[in-house]
Amino acid sequence: MLSLQFARDNPDAVRKGLRDRGVEETGLGELLRLDGERRGLLVDLESLRAERNATGKRVGSATDAAERQRLIDETRVLSERIDALEPRAREIEERVRSLLLDLPNVPHPDTPVGEGEEQNVIIRTEGAPPPFDFEPRPHWEIGERLGIIDFERGVKLSGSRFYVLKGAGARLERALIAWMLDLHTDKQGYTEVYTPFVVKEECLWGAAQLPKFRDNLYHDVEDDLWLVPTAEVPITNLHRDEILEPGVLPLNYVAYTPCFRREKMSAGRDVRGIKRGHQFDKVEMYKLCPPEASDDELERLVGDAEAVCRGLSLTYRVKQLCTGDLGFSATQACDIDVWASGCGEWLEVSTCSNCGDFQARRAGLRFRRERGSKAEYVHTLNGSGLGLPRTLAAVLENYQQRDGSVAVPDVLKPYMGGIDVIRPANA
RNA sequence: GGAGGGGUGGCCGAGAGGCUUAAGGCGGCGGUCUUGAAAACCGCUUCGGGACUUGUCCCGACGGGGGUUCGAAUCCCUCCCCCUCCGCCA
């Protein structure tokens, strides 16, 4: 959420940010107009309240009955005038809030201006695609031939976009998760958290999933709980409405969670394989830091995600997202794509975003620099490290061998219970 | 699931329609005293919003929301959360 104050003082900057994102800016004009009306109304309303409070106080100490009655009548009149103004004030307040919640973050000055994916800037490409002396297969073929991915039974259980991992496939998924968590906690200094996978509605507003992404969320009506679409949601809300004491920042968290997404917007896209499911695993990194540190923290976050790709010897590239492709909450972001030899595609396995104070303002995440100093909003950053299915797909495709088996990456071997090569027999 | 008890500032805790500007204490910060420290004493302690004369005034906030009333921390309704006992259960 943008600061109302900021929008009021810098309407042109906000307008430019919206335009660069390719977003309709109609709400901004209404917002600023209503804000003006709101403040005018508050002046009247608050002076009436002050008068009522003063008069009402005298009622209590009045000894003379007639005087007391006169004061009560006077207070009643003031209350009636207040009651007449309040509905409009409340209406404006709600509308202003709702308009504010609909506005995306303003892009960082370093974010390149562009309309969409095509204008993203490839910053670097690391590694080279592994050489194959045979035609590499896509992961869905590898998975089925090895008996480690069962698409049909996934559909039998839960419908399209669900699959079952089996034997060494399930084990490989678990190995990847465990290895990634160990890397982030032991080598990169993140604190692991294990959170609920269903959350209350207010958490989704705090993390800016609502109102915009309502259609993409699974919602349990009976208990009014929502399945998390990413660990970003519970972690953003860990410190909701807290003022962090001096010295606790920066906070670095990492969490494994499954992620649940309805993917209504992507109907018909990426239906082949495990690239886009309604349920997938993800290891997510998350940072809370002082405002002046977030630019540097974004670089570190990207570096920490790259370390996962390097550990697995995957070929990858880092792209800086342009304004048109930037996430709703982000002010600056980078994608990491890994090369998948079988399907011949770059697979997006991570988006690392600096959200500035956008989520912090929604979720009430503040800190104090020193004891007694004013509370300020933190900056928040999040990045996958990494999304599991696409990483798993890339591993299967890049580590496949002529005989149809798949070699286990060195870093995962300690987690595989002695399986160094996945063959049909392992399934 | 059944029965009961609760939710007040950073923390503890009083207040039970107007005399509250939320008592008192703890913790914290500043000061006096001291060679220094402790103790004692004095003062200050939250968040959001608004106004202008920019350092002062005002408004809102006692778990959230709604209501009763001239007036609500206080009474009513509702939701959330915590605790105790019982039942059931991974």
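Numbered from 1 within each chain, the chains take letters A, B, ... in sequence-line order. This structure is a prediction, so every number in the text was calculated from the model and none was measured.
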>> Using ring centroids (six-membered ring only for Trp), state whether A:F197 and A:F260 fall under 6.0 Å.
In response: no
>> Is it true that, when you exclude A:R276 itself, more than 12 heavy atoms of the residues, nucleotides or ligands shown sit nearer than 6.0 Å to its CZ?
In response: yes
> Is it the case that more than 12 heavy atoms not belonging to A:F6 sit under 6.0 Å from its CZ atom?
Replying inline: yes
Interatomic distance at [atom1], [N] relative to [M], whole Å:
N	M	atom1	value
B:A72	B:A16	C1'	11 Å
B:G65	B:U53	P	34 Å
B:C86	B:G28	C1'	44 Å
B:C12	B:C52	P	40 Å
B:U21	B:C58	P	12 Å
B:A3	B:U68	C1'	30 Å
B:G7	B:C76	P	14 Å
B:G24	B:U45	C1'	16 Å

> Could you write nucleotides 54-71 of chain B as a row of B, S and -, 5' to 3', where a protein heavy atom under 4.0 Å of any base atom gives B, of only sugar-phosphate atoms gives S, and otherwise -?
Replying inline: ----BBS-----S---BS
Decide, yes or no, whether a salt bridge links [X] with [Y] under the criterion of side-chain N to carboxylate O below 4.0 Å.
X	Y	answer
A:D12	A:K16	no
A:R88	A:E37	yes
A:R49	A:E86	yes
A:K319	A:E117	no
A:D35	A:R8	yes

May I have the distance from [X] (atom [atom1]) to [N] (atom [atom2]), rounded to whole angstrom?
X	N	atom1	atom2	answer
A:D35	B:G49	CG	C1'	11 Å
A:E242	B:U46	CD	P	19 Å
A:K200	B:C79	NZ	P	15 Å
A:D223	B:C80	CG	C1'	13 Å
A:E245	B:U46	CD	P	13 Å
A:R39	B:A51	CZ	C1'	11 Å
A:D44	B:A51	CG	P	12 Å
A:L100	B:G49	CG	C1'	14 Å

>> Please compare A:A375 and A:T55 by the position of their nearest nucleotide in RNA chain B and report the one closer to 5'.
In response: A:T55
> Toward the 5' end of RNA chain B, which comes first, A:V43 or A:I243, by nearest nucleotide?
Replying inline: A:I243
>> Below 4.0 angstrom, which residues in residues 356-369 of chain A have at least one non-hydrogen atom near RNA chain B?
In response: A:R366, A:R368
> Should A:D325 and A:Q119 be marked as a side-chain contact (heavy atoms from CB on, under 4.5 Å) after you check the CA-CA gap, both sets of side-chain angles, and the distance that decides it?
Replying inline: CA-CA 8 Å; A:D325 203 27; A:Q119 273 93 50; over 6 Å; no
>> Let's test your reading of the pairing rules: Watson-Crick or G-U wobble, both distances under 3.5 Å, then write RNA chain B as a dot-bracket string with ( ), [ ], | and dots.
In response: ((((((((.[[[..)..(.....]]]((((((.......))))))(((((((..))))))).[[[[[..)....]]]]])))))))....
> How would you label the contact of A:R8 with the nucleic acid (heavy atoms, under 4.0 Å): base, sugar-phosphate, or nothing?
Replying inline: sugar-phosphate
> Among pairs that include at least one residue of residues 140-157 of chain A, which meet salt bridge (Lys or Arg N to Asp or Glu O under 4.0 Å), considering only residues two or more places apart or in two chains?
Replying inline: A:R137-A:E141, A:D150-A:R153
> What residues, two or more places apart in sequence or in another chain, satisfy side chain to side chain donor-acceptor pair (under 3.5 Å) together with A:N105?
Replying inline: none
> What residues form a side chain to side chain contact (heavy atoms under 4.5 Å, CB included) with A:I243, not counting sequence neighbours?
Replying inline: A:R366, A:R368, A:A375
> In terms of ring plane angle, is the pair A:W226 and A:H219 parallel, tilted or perpendicular, where the classes change at 30° and 60°?
Replying inline: parallel
